[in-house]
Amino acid sequence: DRSVLLFVHGFRRSFEVVAKDVATVALEINIHGMPMFFSWPSANSVLGYAADINNMRWAAADLRDTLKFLLARESISTVHVIAHSLGGDGLLAALQDLSRDDAAYIDKLGEVVLASPDVDAGLFRRDYLPALQKLGARVTLYATDNDVPLRASERVNRYHRLGDAKAEIFIGNGVETIVYSDVVTFMNSHDAVVEI
């Protein structure tokens, strides 16, 4: 078909690993459209988390422009997006900007999947959820109650992460929340959505 699946990677991912992740996801879900990914400059290091946060924030405007470009193409019928981990923060910032852009072809936005999003849950509820509702986006949130990287992020950022279902399971209008703790292990809880 004429759809696009755009994948936005998370923290500590190299270009090569992301390319393999996208190929795996496309194969596993048997996509009939075109798989693509938006690569932003991850430091690809545990010690590079602060740099990755900053790099993702800088890249959010480019992600917005990429989405706007894809949505405007007549040859593309629908744009679906999967954002993993810290990529969710950049995607949500990009979509929030698009919700304010009257020239964007937002009616072609398909599914938005937030996989283990490393996003402040309170900020999501206050700022990002209204923007997603304005866009009319169909949002699916994948969360677990044993996500070690999100627990570490919560300690660093001091706020509950959207993808961490241990302290709170996010429930909100327009968001289908799937807690998949029973089908993951301690070792793959954060990356399970891209490694299935």
Side-chain angles (χ1 to χ4, degrees), residues 1-11 13 15 18 21-22 25-26 29 31-42 52-143 153 157 159 161-163 170-178 193-194:
D1 62 26
R2 297 184 303 120
S3 66
V4 166
L5 173 65
L6 181 67
F7 182 81
V8 184
H9 68 86
F11 160 65
R13 289 303 224 218
F15 185 90
V18 175
D21 287 346
V22 172
V25 169
I29 65 173
I31 185 172
H32 296 287
M34 181 187 321
M36 302 174 72
F37 63 96
F38 178 85
S39 183
W40 54 274
S42 170
D52 274 9
I53 290 172
N54 198 50
N55 288 342
M56 183 71 263
R57 288 181 180 155
W58 272 100
D62 295 320
L63 177 53
R64 176 205 58 218
D65 293 344
T66 299
L67 285 167
K68 188 172 179 179
F69 174 83
L70 292 172
L71 291 166
R73 301 285 62 90
E74 288 183 20
S75 59
I76 297 174
S77 61
T78 310
V79 178
H80 305 289
V81 189
I82 298 175
H84 177 242
S85 186
L86 193 55
D89 195 50
L91 173 64
L92 291 167
L95 291 174
Q96 185 179 40
D97 280 355
L98 279 180
S99 74
R100 299 181 192 122
D101 187 342
D102 294 334
Y105 292 86
I106 58 174
D107 58 318
K108 291 169 64 173
L109 183 63
E111 300 290 330
V112 174
V113 176
L114 301 171
S116 303
D118 186 0
V119 174
D120 180 313
L123 188 65
F124 178 81
R125 188 177 299 278
R126 188 192 73 187
D127 294 344
Y128 295 138
L129 184 57
L132 292 170
Q133 291 168 339
K134 182 178 178 183
L135 290 169
R138 295 181 304 276
V139 181
T140 304
L141 164 65
Y142 285 91
S153 173
N157 292 294
Y159 293 100
R161 311 324 281 167
L162 185 62
F170 181 87
I171 306 295
N173 288 337
V175 177
E176 181 176 354
T177 300
I178 298 173
V193 169
V194 294

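None of these values were measured; they are calculated from a predicted model. Values below: every heavy atom of this structure, side chains too, minus hydrogens, waters and symmetry copies.
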Dump the intermediate steps for side-chain hydrogen bond (donor to acceptor under 3.5 Å, both in side chains) on Asp118 and Ser85, then the final yes or no. CA-CA 5 Å; Asp118 186 0; Ser85 186; 4.7 Å; no
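Looking only at side-chain heavy atoms (C-beta outward), Tyr128 and Leu123 come within less than 4.5 Å of each other. In this structure the side chain of Ile53 never reaches within 4.5 angstrom of the side chain of Phe11, judged on heavy atoms. Looking at heavy atoms from C-beta onward, Arg161 lies in side-chain contact with Asp120 at the 4.5 angstrom threshold. You'll find the side chain of Leu5 reaches within 4.5 Å of the side chain of Ile29, heavy atoms only. Leu132 is listed as a side-chain neighbour of Leu92, based on a closest heavy-atom distance under 4.5 Å. With a 4.5 Å cut-off on side-chain heavy atoms, Leu6 and Phe38 count as touching. Looking at heavy atoms from C-beta onward, Leu91 lies in side-chain contact with Leu67 at the 4.5 angstrom threshold. Contact of the Ser39 side chain with the His9 side chain is registered, since non-hydrogen atoms from C-beta on lie closer than 4.5 Å.
Note that OG of Ser116 is 12.5 Å distant from CG of Leu86, once rounded to the nearest 0.5 Å. A distance of 7.0 Å separates NE2 of His80 from CZ of Arg138, quoted to the nearest 0.5 Å.
No donor-acceptor distance shorter than 3.5 angstrom exists from the side chain of Arg125 to the backbone of Ala121, with no hydrogens or angles considered. For the pair Gln133 (side chain) and Gly174 (backbone), a donor-acceptor distance under 3.5 Å is absent. Side-chain N or O atoms of Asn157 include none that pairs as donor or acceptor with a backbone N or O of Tyr159 at under 3.5 Å. No side-chain donor-acceptor contact under 3.5 Å links Arg13 to the backbone of Trp40.
Under the 30°/60° scheme for interplanar angles, the aromatic rings of Phe124 and Phe170 are found to stand perpendicular.
Around the CG atom of Asp1, the shell of radius 6.0 Å holds more than 12 heavy atoms that belong to other residues, nucleotides or ligands.
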